[in-house]
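Have a look at the structure below before the remarks.
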Amino acid sequence: MLRSDIQQKTGLTRKAIEYYEYKGLIKPNKLENGYRDYSNNDLDCLNKIVLYKKLGLSLDQIKEILLNGKNALPSILRKREYKLEIENERKDILQMIIDGKDKDIIDTKLKIIDRKESIYPRLERAFPGYFGQVMFSSYKPFLDDELEDKNKKYFDIYIEYLDNLPELELTNKEKEYIESTSSSIDMNLLDKINSDKVEAIDNLEDWFNENEDIIKEYDRFIKSDEYQKSPIKNIKDKIKNFMLENKYYEIAIPLIRKFSPKYDNYYNKLLAANEKFISLKDD
């Protein structure tokens, strides 16, 4: 089938179909004349994507369903129910505050929510603003699970470690720059960046081949005078030196791996991928 046929049968735009091909969800044959030849399997996948997108599922969740079939649905449903349950409980507490309910009752309700809360909001609440954004925002994709009781001690040690770090020597302007840059990023874009980062680990060679020109251009840019004299270069150098001086990679990373099994899995893949990435760049 040609793309026009696929568009008619699915209602998808051309760019949407191209995007799902780029993400590896469909794999049409490329004809000699440059056209795509879409199979019935491609059509089936796209119809499923349309369905699950309408139900509010993320692309990662849809990929899981396409890979594992309907067996993936119960787990996805439980996670959605869990998030809705937490949100409803928060609304109930807000209503209790409006109604002037007893503080002890409200505190009891809050403790119940605290026990169910995922890892990232706990960290964000402990370290709001630029400091938290510098220290752990890049780990957000791996911190959306509940904190298991057996891992809480490692989480507490991580909190204590961060809290006892010396002042990060940034100017007020640099602090404001970090916060404004983070707050101006659209959350959907941030989620896409994080999703792409995780996906690249599992499909490094494909990712490298698709982005080789961009990687080379980036390498040239970070060596340029423009970048070397830029404010962001100065901020990055300060943060890197701060982490090295305070043994962040030796102390904090092992702790994150302990309280986040998802990050531990990613870290192990990252070690293997890093060697492969170096070899790909050298080829």
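Positions are given from 1 along the sequence.
For Lys152, the side chain to side chain donor-acceptor pair (under 3.5 Å) criterion is met by Asp156, not counting sequence neighbours. Evaluation of the ring-ring contact (aromatic ring centres under 6.0 Å, His included) rule for Phe259 yields Phe155, Tyr158 as partners, not counting sequence neighbours. Residues satisfying the side chain to side chain donor-acceptor pair (under 3.5 Å) test with Lys238, not counting sequence neighbours, are Glu174. Residues forming a salt bridge (charged side-chain N to carboxylate O under 4.0 Å, His left out) with Glu64 (at least two apart in sequence, or on another chain): none. Listed by chain and number, the residues in a ring-ring contact (aromatic ring centres under 6.0 Å, His included) with Tyr120 are Phe136 (sequence neighbours excluded). Every residue two or more places apart in sequence or in another chain was checked for a side chain to side chain donor-acceptor pair (under 3.5 Å) with Lys91, and none qualifies. Scored by the ring-ring contact (aromatic ring centres under 6.0 Å, His included) test, Phe131 finds Phe127 as partners (sequence neighbours excluded). When the side chain to side chain donor-acceptor pair (under 3.5 Å) test is applied to Asp99, the partners found at least two apart in sequence or on another chain are Gln95. For Asp5, there are no salt bridge (charged side-chain N to carboxylate O under 4.0 Å, His left out) partners two or more places apart in sequence or in a different chain. Looking at residues two or more places apart in sequence or on another chain, you find no salt bridge (charged side-chain N to carboxylate O under 4.0 Å, His left out) involving Asp102. Applying the ring-ring contact (aromatic ring centres under 6.0 Å, His included) test to Tyr20 and every residue at least two apart in sequence or in another chain returns nothing.
In this structure the side chain of Glu18 reaches within 4.5 angstrom of the side chain of Arg3, judged on heavy atoms. Within the 4.5 Å cutoff, no side-chain heavy atoms of Asn41 are placed close to those of Ile26. When side chains are defined from C-beta on, Phe142 does not count as touching Asn265, because their heavy atoms never get closer than 4.5 Å. Contact annotation: the side chain of Tyr154 never approaches that of Ile256 to less than 4.5 Å [non-hydrogen atoms, C-beta and beyond]. In this structure the side chain of Lys240 never reaches within 4.5 angstrom of the side chain of Met243, judged on heavy atoms. Contact check for Met1 versus Asn40: side-chain heavy atoms found under the 4.5 Å cut-off. Residues Leu25 and Tyr19 form no side-chain contact, since every pair of their non-hydrogen atoms from C-beta on lies 4.5 Å or further apart.
With hydrogens and angles disregarded, a donor-acceptor distance shorter than 3.5 Å links the side chain of Asn268 to the backbone of Asp264. Side-chain atoms of Asp163 never come within 3.5 Å of backbone atoms of Ile159 as a donor-acceptor pair (strictly under, hydrogens ignored). Between the side chain of Thr10 and the backbone N or O of Leu46 there is no donor-acceptor pair closer than 3.5 Å.
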*Quick one: do Arg90 and Glu87 satisfy side-chain contact (heavy atoms from CB on, under 4.5 Å)? Show the steps, please.*
CA-CA 5 Å; Arg90 285 176 176 151; Glu87 192 56 36; 4.0 Å; yes
_Tyr38 vs Ile17, side-chain contact (heavy atoms from CB on, under 4.5 Å): CA-CA, chis, key distance, verdict_ = CA-CA 11 Å; Tyr38 296 88; Ile17 294 169; 3.6 Å; yes
*Check the pair Leu73, Tyr52 against side-chain contact (heavy atoms from CB on, under 4.5 Å), reporting the backbone distance first and the verdict last.*
CA-CA 11 Å; Leu73 283 172; Tyr52 291 122; 4.0 Å; yes
*Go through Lys233 and Asp237 one step at a time and tell me if the salt bridge (charged side-chain N to carboxylate O under 4.0 Å, His left out) criterion holds.*
CA-CA 6 Å; Lys233 169 69 164 57; Asp237 285 346; 2.5 Å; yes
*Does the pair Glu89 and Lys109 meet the rule for a side-chain contact (heavy atoms from CB on, under 4.5 Å), with working shown?*
CA-CA 8 Å; Glu89 288 179 2; Lys109 287 271 190 181; over 6 Å; no
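Closest heavy-atom contact between Leu147 and Arg122: CD2-NH1, 4.0 Å. Closest approach of Ala16 to Thr13, counting heavy atoms only: N-OG1, 3.1 Å. Residues Ile49 and Ile62 come closest through the heavy atom pair CG1-CG2, 3.9 Å.
We find the CG-CD distance between Leu165 and Glu160 to be 11.0 Å, quoted to the nearest 0.5 Å. Atom CD1 in Ile76 sits 11.0 Å away from atom CG in Asn71 (nearest 0.5 Å). Separating the CZ atom in Arg257 from the OH atom in Tyr266 is a distance of 12.5 Å, to the nearest 0.5 Å. Rounded to the nearest 0.5 angstrom, Ile65 CD1 and Asp60 CG are separated by 11.0 Å. Ile105 contributes atom CD1, which lies 11.5 Å from atom CD1 of Ile93 (distance to the nearest 0.5 angstrom). Rounding to the nearest 0.5 angstrom, the gap separating the OG atom in Ser4 from the CZ atom in Arg14 is 12.5 Å.
Residue pairs meeting the salt bridge (charged side-chain N to carboxylate O under 4.0 Å, His left out) criterion with at least one partner in residues 36-57, sequence neighbours excluded, are Glu21-Arg36, Asp44-Lys48.
No single ILVMFWY cluster, assembled from side-chain heavy atoms under 4.5 Å apart, contains both Ile6 and Leu2. Follow the hydrophobic side-chain contacts under 4.5 Å out from Ile98 and you never reach Met96; the two are in separate clusters. Under the 4.5 Å side-chain heavy-atom criterion for grouping Ile, Leu, Val, Met, Phe, Trp and Tyr, Leu168 is connected to Tyr249 within one hydrophobic cluster. Tyr22 is not connected to Tyr35 by any chain of hydrophobic side-chain contacts under 4.5 Å among Ile, Leu, Val, Met, Phe, Trp and Tyr, and they are in different clusters. Under the 4.5 Å side-chain heavy-atom criterion for Ile, Leu, Val, Met, Phe, Trp and Tyr, Leu77 and Leu84 are members of distinct hydrophobic clusters.
Taking the six-membered ring for Trp and thresholds of 30 and 60 degrees, Tyr248 and Tyr161 have ring planes inclined between 30 and 60 degrees apart.
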